[in-house]
Amino acid sequence: MPDFTPRVFSGIQPSGGLTLGNYLGAITKFVDWQAKGTHETIFCMVDLHAITVPQEPATLRRNTRELCAGFLAAGIDPERSILIAQSQVPEHAQLAWIFNCVARMGWMGRMTQWKDKSGKNAEAASLGLFAYPALMAADILVYHATHVPVGEDQKQHIELTRDIAAKFNHDYGVDFFPMTEPVIEGAATRVMSLRDGTKKMSKSDPVDASRINLTDDADTIARKLRKAKTDPDPLPGDPTGLSERPDARNLVNIYAALSDSDPATVLAEHEGRMFGHFKQDLADLAVARLAPISTEMARLMDEPAEIDRILARGAERAREITVPILERTYEIVGMVR
Ligand code: TYM
């Protein structure tokens, strides 16, 4: 394998507001990578992925800008990282077409996200929803990204990205695409619903009380956490005591992630307390950490022209990387250049 430039890429769909799950599972990790400074960092609003299910155009545009505001408010610096809207860097979609011809139908059909989202009526799902992971592989590989920080739910898609890279390299007899590593770390790689600790916290859950939105104000954040589902038992002294208690485990994990700690340490400190008190502490912690972000997002949303300027500049910088990689890919597959 050739040496690849150490490069981090990750993306978030602008298909609704940002949740605490996106923040703890993804954005805080992006900020950590940016701070480390060991890798180039590229973060993307994947608007082309969002339209694999119906989107109202004006809402999609607003959500994309709001997602950009969320990145900025949470600490992504558009000078140190490259921030882009996927549709503004056309090489993503161009490489995705090549990967549509590399990936196999059977691979796509096995993706759990496809099965969940297409539901009982797969015939009516869009072709884009089925091909979704090939575009995701293109997002990553059009940068030759070496590391992809994500929440647990994206692991299968990164594995598929590796399969696509390996098949491309094998079929064309090259060592061109890297074997990208998923990075799934920390106490909150799978934040669960506040109403049902066995279900993932999701922006598409119809029940708003099931999630914290990054746009929620301090009172709303506190109220949702105080009302979060728990059980009547006190907190145990170590994580094994939570194995059969999904709601309790979820709140402990959220507390650990928000305080940059880990569940064992949190439990050692809170052993024997009742959840009524613990949830109040959790609410205070969450408000202290999240309310400034929602205030800053609101301020940035009053300056959409500034957001658009940041994205245009990001696309320009991104294309310095993607254009040569796409050109070389076209050469490898036999397009006349
Ligand atoms: P999306 O938009 O569903 O989520 C964005 C990121 O947030 C993480 N995440 C969570 N982490 C912990 N707990 C949760 N409840 C939770 N919900 C979401 C996700 O794991 C993800 O890291 N297919 C991707 C977007 C994408 C992408 C990419 C990601 C497109 N191209 C290339 C990485 C690299 C998605 O739908 O994420």
Side-chain angles (χ1 to χ4, degrees), residues 10-31 43-47 49-50 53-56 58-76 83 85 117 150-154 186-197 199-230 247 250-251 253-259 279-280 282-304 307:
S10 200
I12 299 186
Q13 292 198 64
S15 50
L18 280 166
T19 69
L20 182 65
N22 299 135
Y23 178 69
L24 294 177
I27 297 184
T28 56
K29 303 293 156 200
F30 303 170
V31 175
F43 303 113
C44 185
M45 287 121 252
V46 292
D47 49 4
H49 276 115
V53 297
Q55 302 288 336
E56 206 278 304
T59 309
L60 176 62
R61 200 163 6 250
R62 189 191 146 78
N63 283 342
T64 305
R65 292 196 177 112
E66 190 177 89
L67 177 52
C68 186
F71 275 112
L72 296 168
I76 297 299
L83 259 187
K117 284 202 176 177
V150 280
E152 227 168 80
D153 61 340
Q154 295 301 315
T189 56
R190 191 170 173 80
V191 178
M192 308 309 275
S193 158
L194 300 178
R195 297 265 130 222
D196 177 354
K199 256 175 56 185
K200 193 182 72 165
M201 181 182 285
S202 162
K203 50 194 156 206
S204 56
D205 192 318
V207 181
D208 188 62
S210 69
R211 64 177 164 269
I212 307 282
N213 305 299
L214 282 203
T215 47
D216 285 344
D217 62 22
D219 287 348
T220 311
I221 295 170
R223 179 166 33 82
K224 285 178 177 174
L225 285 170
R226 281 197 306 266
K227 288 196 175 159
K229 191 163 166 237
T230 35
D247 297 296
N250 187 37
L251 296 186
N253 287 347
I254 293 174
Y255 190 105
L258 282 172
S259 55
K279 285 197 286 189
Q280 184 55 52
L282 177 59
D284 292 345
L285 181 62
V287 166
R289 181 93 184 247
L290 303 177
I293 297 178
S294 89
T295 308
E296 177 63 2
M297 281 174 77
R299 191 190 68 76
L300 289 163
M301 284 301 280
D302 282 340
E303 295 178 37
I307 290 180

Side-chain heavy atoms of [X] within contact of [Y], under 4.5 Å:
X	Y	result
P14	D47	yes
K203	S15	yes
M192	M201	no
I12	L18	yes
D196	S210	no
M301	R62	yes
L67	N22	no
V191	K200	no

Value rounded to 0.5 Å, distance of [atom1] in [X] from [atom2] in [Y]:
X	Y	atom1	atom2	answer
I254	L194	CD1	CG	5.5 Å
L290	L20	CG	CG	6.0 Å
I293	D216	CD1	CG	12.0 Å
K227	L225	NZ	CG	12.0 Å
L72	F43	CG	CZ	12.0 Å

Using salt bridge (Lys or Arg N to Asp or Glu O under 4.0 Å) as the criterion, list what pairs up with [X], not counting sequence neighbours.
X	result
K279	none
D208	R211, K224
R65	D308
K199	D205

Residue pair S259, L285: steps toward the side-chain contact (heavy atoms from CB on, under 4.5 Å) verdict:
CA-CA 8 Å; S259 55; L285 181 62; 4.0 Å; yes
Which residue pairs satisfy the salt bridge (Lys or Arg N to Asp or Glu O under 4.0 Å) criterion with at least one member in residues 291-300, sequence neighbours excluded?
E296-R299, R299-E303
Pairs involving residues 14-30, ordered by first then second residue, that meet salt bridge (Lys or Arg N to Asp or Glu O under 4.0 Å) (sequence neighbours left out):
none
For K229, check side-chain contact (heavy atoms from CB on, under 4.5 Å) against everything at least two apart and list the hits.
D247
How would you list, by chain and number, every residue that makes a side chain to side chain donor-acceptor pair (under 3.5 Å) with [X], sequence neighbours excluded?
X	value
D284	Q280
S202	S204
N250	none
T28	none

Looking at every non-hydrogen atom in both residues, tell me the closest pair between [X] and [Y] and how far apart they are.
X	Y	answer
A256	A187	CB-CB, 3.8 Å
P292	V287	CD-O, 3.7 Å
A228	R195	N-NH2, 4.5 Å
L24	A188	CB-CB, 3.6 Å
L60	A50	CD1-CB, 3.9 Å
I307	A69	CD1-CB, 4.1 Å

For Y23, enumerate each residue passing the ring pair (Phe, Tyr, Trp, His ring centres under 6.0 Å) test, keeping only those at least two apart in sequence or located in another chain.
none
Residue among I212, L214, N213 satisfying side-chain contact (heavy atoms from CB on, under 4.5 Å) with I221:
I212
